Amino acid sequence: MLFVACPSSILHLKKYLLIYSQTMKKTLLTLMAAFFALQMAAQPKVYAWMRWDENTSNEKSLLKEFKEFKKRGIDGICLNAGFDSLRTAIASRAAKKAHLEYHAWMPAMLQPDCPASWYAVNRLGEPANEHPAYVPHYKALDPANPEVGDFLCEQYRRIASIPTVDYVQLDYIRYPDVVLSEGLWKKYGLVMNGEYPKADYCYCDSCVAKFKRLTGIDIRQYTDPSKVEAWAQFRCDQITALVNRIAKTVHEKTGKKISADVFPGPNSYARWMVRQEWQKWDVDMLFPMNYNDFYIEPAGWVGRVTKEEVESLKGRNIPLISGIFICKDWRDKQNVIDPEYSGLLPSEIREAVESSLKAGADGISIFTPQDMTPEHWEALKEVLGRK
């Protein structure tokens, strides 16, 4: 028997095939989008730290610079404009136009013009605003002072409220270095085999009394307070409490995210040098400053310390970005005495970056992109496999 399709059956078949074709096309596009999203998520992020330059920074010049960074593979910019909302708005707008993630990088504890009662007091009884340790700008606030907390929460909330800001970034969210990294000893004429009394904070009446209420210990009765573990922990707890208070304010009041620049470790360096137990902080991204030359270590050390950092988070879903320090005058590095002008050679980029990523870092951050020479950029491009 010969089957003859009626016109209506053919019409229904055509409609079915058209719907099927459209559905398959949408499914394929969805799968392709998901595939590329996974690929992008798997790629390590690259950030750069830089400062506002009052002589050259404006939206036009920043946009030109940011577009160049984007071409070179930078994904996000961390720019220090302090608590200046106008400069932050200008810089963050330029970052958005260049398709860069923007972190408003702001020093927290080092503030020059606050009430005298806000400043930390060292073991010698000297307030930091009058007798700063190491350098004149080390005028450190007392993190246990509630008024300091009020002030910082308001500043970070205010900057986070700028629409084009993605993250506010905590910097100097710590006590001054009670022990400097070894690479800086020669610069400051110090041999630091113990905690440096002039940079050992905070021994104000309020902190001493609070610690005594909690532990029954009068820390001023000890000739060597560094031997009192509870006193070290007390200072770590003050920083953690302050960070978490700022983070809660930013999250609840603005819905924005918060990142933090931290010392390496934390247990190998950050905890005992600057009282940071950053693995306990309620932040959304961490930037350990893994500057190997400051610790008189080779480039491979960056990966080793990154491994400790990743493991310290114990599976917490917080992106960790390994910070690396660049030597601009790398051809003459052997004559550079100050580690703050030293850093990685182009030939060391691969080891520092590869070892960080192998250890579990989610990306790297460069200090600073202005110090990157063509040889550095080429080395970075090769190790990341980016065009």
Side-chain angles (χ1 to χ4, degrees), residues 47 49 110 133-135 138 171-196 198-200 226 232 235-236 239 260-279 286-313 320-330 332-361 363-368 371-372 376 379:
Y47 293 85
W49 280 302
L110 300 188
Y134 309 120
V135 288
Y138 254 45
D171 190 26
Y172 282 102
I173 189 68
R174 56 182 178 85
Y175 288 92
D177 324 45
V178 67
V179 177
L180 284 172
S181 55
E182 190 174 350
L184 293 169
W185 291 5
K186 186 174 182 180
K187 177 178 180 177
Y188 293 102
L190 298 167
V191 177
M192 306 191 79
N193 296 323
E195 295 186 358
Y196 184 42
K198 187 174 178 61
D200 185 15
S226 68
R235 268 89 57 85
C236 289
I239 296 293
D261 306 331
V262 295
F263 269 46
N267 290 326
S268 58
Y269 298 95
R271 186 181 186 277
W272 57 272
M273 293 176 74
V274 293
R275 318 302 185 189
Q276 288 179 332
E277 286 186 318
W278 47 256
Q279 76 278 18
L286 287 160
F287 288 76
M289 297 177 288
N290 297 330
Y291 302 160
N292 57 293
D293 280 272
F294 282 62
Y295 300 90
I296 316 182
E297 295 283 0
W301 171 88
V302 178
R304 294 195 297 274
V305 79
T306 300
K307 184 175 185 294
E308 178 196 342
E309 291 160 357
V310 171
E311 290 175 350
S312 76
L313 293 175
L320 187 139
I321 310 300
S322 177
I324 59 175
F325 199 90
I326 303 301
C327 182
K328 182 177 183 178
D329 191 17
W330 59 271
D332 194 40
K333 182 176 177 177
Q334 68 275 12
N335 295 319
V336 177
I337 298 173
D338 187 346
E340 295 186 61
Y341 294 95
S342 188
L344 293 170
L345 307 174
S347 60
E348 296 174 313
I349 290 287
R350 175 173 289 277
E351 185 174 13
V353 174
E354 274 190 346
S355 63
S356 292
L357 300 178
K358 185 178 179 181
I364 62 158
S365 190
I366 298 163
F367 189 90
T368 69
D371 290 338
M372 292 279 282
H376 283 104

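Keep in mind the model is a prediction, meaning the values are calculated, not measured. Along the sequence shown, the residues carry numbers beginning at 1.
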Practice problem: Could you go through the side-chain contact (heavy atoms from CB on, under 4.5 Å) check for I366 and D371 one step at a time? | Solution: CA-CA 9 Å; I366 298 163; D371 290 338; over 6 Å; no
Quiz item: Can you tell me if NZ on K333 sees more than 12 non-hydrogen neighbours from other groups inside 6.0 Å?
Solution: yes
Quiz item: Looking at side-chain heavy atoms only, is the closest gap between S181 and F263 below 4.5 Å?
Solution: no
Practice problem: Would you give the length of the straight line joining atom CD1 of I349 to atom CE of M372, rounded to the nearest 0.5 angstrom? | Solution: 5.5 Å
Atom pairs and distances, donor-acceptor, side-chain atoms in residues 268-275, under 3.5 Å, two or more places apart:
unit_1 : atom_1 : unit_2 : atom_2 : d
S268   : OG     : E308   : OE1    : 2.7
S268   : OG     : E308   : OE2    : 3.4
Y269   : OH     : W301   : NE1    : 3.3
R271   : NE     : E277   : OE2    : 2.9
R271   : NH1    : E229   : OE2    : 3.4
R271   : NH2    : E229   : OE2    : 2.7
R271   : NH2    : Q233   : OE1    : 2.6
W272   : NE1    : S268   : O      : 2.7
R275   : NH2    : E195   : OE1    : 3.3
R275   : NH2    : E195   : OE2    : 3.4

Self-check item: Check against side-chain contact (heavy atoms from CB on, under 4.5 Å), H376 and W330
Solution: CA-CA 10 Å; H376 283 104; W330 59 271; 3.5 Å; yes
Side-chain donor-acceptor contacts of residues 339-346 below 3.5 Å, not counting sequence neighbours, with atom names and distances?
unit_1 : atom_1 : unit_2 : atom_2 : d
E340   : OE2    : K187   : NZ     : 2.7
S342   : OG     : D293   : OD1    : 3.4

Self-check item: Heavy-atom closest contact (V178 atom, M192 atom, distance)
Solution: O-CE, 3.5 Å
Quiz item: Which atom pair, heavy atoms only, marks the closest approach of Y134 to A199?
Solution: OH-CB, 3.5 Å
Self-check item: Within 6.0 Å of NZ in K328, more than 12 heavy atoms from elsewhere
Solution: no
Practice problem: Quick one: pull up CH2 in W185 and CG in L190 and give me the separation to the nearest 0.5 Å. | Solution: 9.5 Å
Quiz item: Does the distance from a Lys or Arg side-chain N to an Asp or Glu carboxylate O, for R350 and E354, drop under 4.0 Å?
Solution: yes
Practice problem: Evaluate the side-chain proximity of V135 to Y188: yes if any heavy-atom separation is below 4.5 Å, no if none is. | Solution: yes
Quiz item: With no hydrogens and no angle check, is any side-chain donor or acceptor of D171 less than 3.5 Å from a backbone partner on D261?
Solution: no
Self-check item: Closest non-hydrogen atom pair between L320 and T306, with its separation
Solution: CD2-CG2, 4.2 Å
Exercise. Could you tell me whether the side chain of R235 reaches within less than 4.5 Å of the side chain of D200, counting heavy atoms only?
Key: yes
Quiz item: Quick one: are V179 and Y196 in side-chain contact, heavy atoms under 4.5 Å?
Solution: no
Practice problem: Kindly indicate whether the side chain of M289, heavy atoms from C-beta on, has any atom under 4.5 Å from the side chain of F294. | Solution: no
Quiz prompt | Between N290 and E309: side-chain donor-acceptor atoms closer than 3.5 Å | solution = yes
Quiz item: Can you find a pair of side-chain heavy atoms, one from F325 and one from N292, that are under 4.5 Å apart?
Solution: no
Self-check item: Nearest non-hydrogen partners of I321 and I364, listed with the distance
Solution: CG2-C, 3.3 Å
Quiz prompt | Under the salt bridge (charged side-chain N to carboxylate O under 4.0 Å, His left out) test, residues paired with D177 that sit two or more places apart | solution = R174
Quiz item: Taking atom NZ of K358 and atom CD of E351, what is their separation to the nearest 0.5 Å?
Solution: 11.0 Å
Quiz prompt | Smallest separation among heavy atoms of A361 and L357, with atom names | solution = O-CD2, 3.7 Å
Exercise. Give me the ring orientation class for F367 and Y291: parallel if the planes are under 30° apart, tilted from 30 to 60°, perpendicular past 60°.
Key: tilted
Exercise. Would you name the heavy atoms of V302 and S322 that are closest together and state the gap between them?
Key: CG1-OG, 3.6 Å
